[in-house]
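For reference, the structure discussed in these notes is given below.
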Amino acid sequence: MVARGFGFAYPFLSYHLKDLGYSTQAVGQALAVFGIGWLVGQLLTGWAADRLGRRRTLVAAMLTAAVCLPVMAQAHAFAAVCTGALIAGIVYDSPRPVVSVAIADLITDDGQRTAVNGWRHGAVNIGAAITGAAGGLLAEQLGFPALFWFNAAACAACALLARHYLDDDSPAASFPRTSVDRPRLQLAVRDARLWLLWLASVAALTCAASMFTALPMLMEDDGLAADAYGWTQVANAAAVVVFTPLLNPWLRRRCNGPQPSSGLLAVSSLLLGVGMGGAGLADTTVGYSIAVAAAIPGEIVFFIAANDIVTKISPPEARGLYAGIWGSTLAVAVITAPVLSAASLTSGGDSLAALTTLAAGALGAAIGLPLIGLTRRPALGTPRIPAPAAS
């Protein structure tokens, strides 16, 4: 909640660059660089969580952000802005894979882990709502550079929390580099379950990412002001607060077993497609708010099911790499969603935008069907890393 509640860097970067006088094209390029960093960062932090340890990786990433963000706030040259955007993108969502594997390490009971991940997802969503509301007020009073300083302070606080509460771990001490890195990568590359999950997640998250990437374009196309978008985010947060405690007990029961929740993943993708597809048919603030709220149950179920699948299919020695590869799907979806919506609006208006979003959700559900069969048995032909000899 701390990391996301003060995570102003990404949502307000475009406003900051516009305030500096950059063109729309330059802003788009900087945001694309940030997205590339986000994608690379998920893979890098996932790998580092296995190689260097959970605590060391999270502390290093958050301290890097704490140093980088204030520097980026003062940068004016475009090369410096893009360099800062790349580094900020790498560390922006670094807590996601690291915290995922830390939870999987700490909590072995499937039901309890599901409940914890449910509340964690709720905290992230509430934090995102706080970002939108507080960021606008702070920027109006203090200016956009101040937002990056607040973001940096929050990252420093996260580093201190991780340093204090996470146990020191060093997988590198148990698994030498020469005997581990290649087998870990082979495990991931050869695991069809992971890549089906990746594809299904990109499709489903393209719908979810529409809430904060494509939705403003749809609302602007209907002539609605910026404050109307703010009300949809209020509806988003309210729906999370209402549905999280209602769905958590049910999800805890459904995920409490050795089998991954692949069926839930397919259903949730379809729910996301229907919910956010409805936004393409709305033309009022109330209509958009209802569509966003309707998509929230699907989003909650999706993230819980996906985390459950990643935890249950990943070998302990490659858990961070698996989480990092899966975490990269959100970065891909954040890039895909606005491109898909813009093309749909240009070619066929709101109706086509609704159909493409629904199609993305249906595609995720369809990809999830063979995943159900594959996750009922171990992947064939995947090498396992031998345990180190006892001293």
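Any value given below was found using the heavy atoms of this structure, including those in side chains, with hydrogens, waters and symmetry copies removed.
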Would you find more than 12 non-hydrogen atoms of other residues, nucleotides or ligands less than 6.0 Å from Arg163 atom CZ?
-> no

Any heavy-atom pair between the side chains of [Y] and [X] that's under 4.5 Å?
| X | Y | value |
| --- | --- | --- |
| Arg51 | Leu321 | no |
| Val81 | His76 | no |
| Phe303 | Asn117 | no |
| Leu371 | Ile367 | no |
| Leu194 | Tyr322 | yes |
| Val286 | Trp231 | no |
| Trp38 | Ile90 | no |
| Leu264 | Cys255 | yes |

Any sub-3.5 Å donor-acceptor pair from [X]'s side-chain atoms to [Y]'s backbone N or O?
| X | Y | value |
| --- | --- | --- |
| Trp195 | Ala188 | yes |
| Thr131 | Gly5 | yes |
| Thr284 | Gly287 | yes |
| Asp222 | Leu224 | no |
| Ser347 | Ser344 | no |
| Arg54 | Ala49 | yes |
| Ser269 | Gly361 | yes |
| Ser341 | Pro338 | no |

Got a second to check how far [X]'s [atom1] is from [Y]'s [atom2], nearest 0.5 Å?
| X | Y | atom1 | atom2 | answer |
| --- | --- | --- | --- | --- |
| Ile304 | Leu247 | CD1 | CG | 9.5 Å |
| Ser314 | Leu197 | OG | CG | 10.5 Å |
| Leu358 | Leu272 | CG | CG | 11.5 Å |
| Leu246 | Leu251 | CG | CG | 11.0 Å |
| Leu196 | Leu265 | CG | CG | 10.5 Å |
| Thr357 | Leu340 | OG1 | CG | 6.0 Å |

Considering only NZ, NE, NH1 and NH2 on the basic side and carboxylate oxygens on the acidic side, decide whether [X] and [Y] come within less than 4.0 Å.
| X | Y | value |
| --- | --- | --- |
| Arg55 | Asp167 | no |
| Asp93 | Arg4 | yes |
| Lys312 | Asp308 | yes |
| Asp168 | Arg56 | yes |
| Asp50 | Arg319 | no |

So which heavy atom on [X] is nearest to which on [Y], and how close?
| X | Y | answer |
| --- | --- | --- |
| Ser261 | Ala305 | O-CB, 3.7 Å |
| Ala354 | Gly277 | CB-O, 3.1 Å |
| Pro260 | Ile313 | CG-CG2, 4.2 Å |
| Pro145 | Ala73 | O-CB, 3.9 Å |
| Pro97 | Thr45 | CG-OG1, 3.4 Å |

Co-membership, hydrophobic cluster, residues [X] and [Y], 4.5 Å side-chain:
| X | Y | value |
| --- | --- | --- |
| Met62 | Ile103 | yes |
| Val98 | Val310 | no |
| Val67 | Trp149 | no |

Judged by modelled atom types alone, do [X] and [Y] share a side-chain donor-acceptor pair under 3.5 Å?
| X | Y | result |
| --- | --- | --- |
| Trp326 | Ser201 | yes |
| Thr57 | Trp47 | no |
| Tyr288 | Asp283 | no |
| Thr336 | Thr206 | no |
| Thr108 | Arg113 | no |

Tyr22 and Phe78 aromatic centres sub-6.0 Å = yes

Parallel, tilted or perpendicular: ring planes of Phe144 versus Phe12, cut at 30 and 60 degrees | tilted

Worked check of ring-ring contact (aromatic ring centres under 6.0 Å, His included) between Tyr92 and Phe34 = CA-CA 9 Å; Tyr92 176 71; Phe34 192 103; 5.5 Å; yes

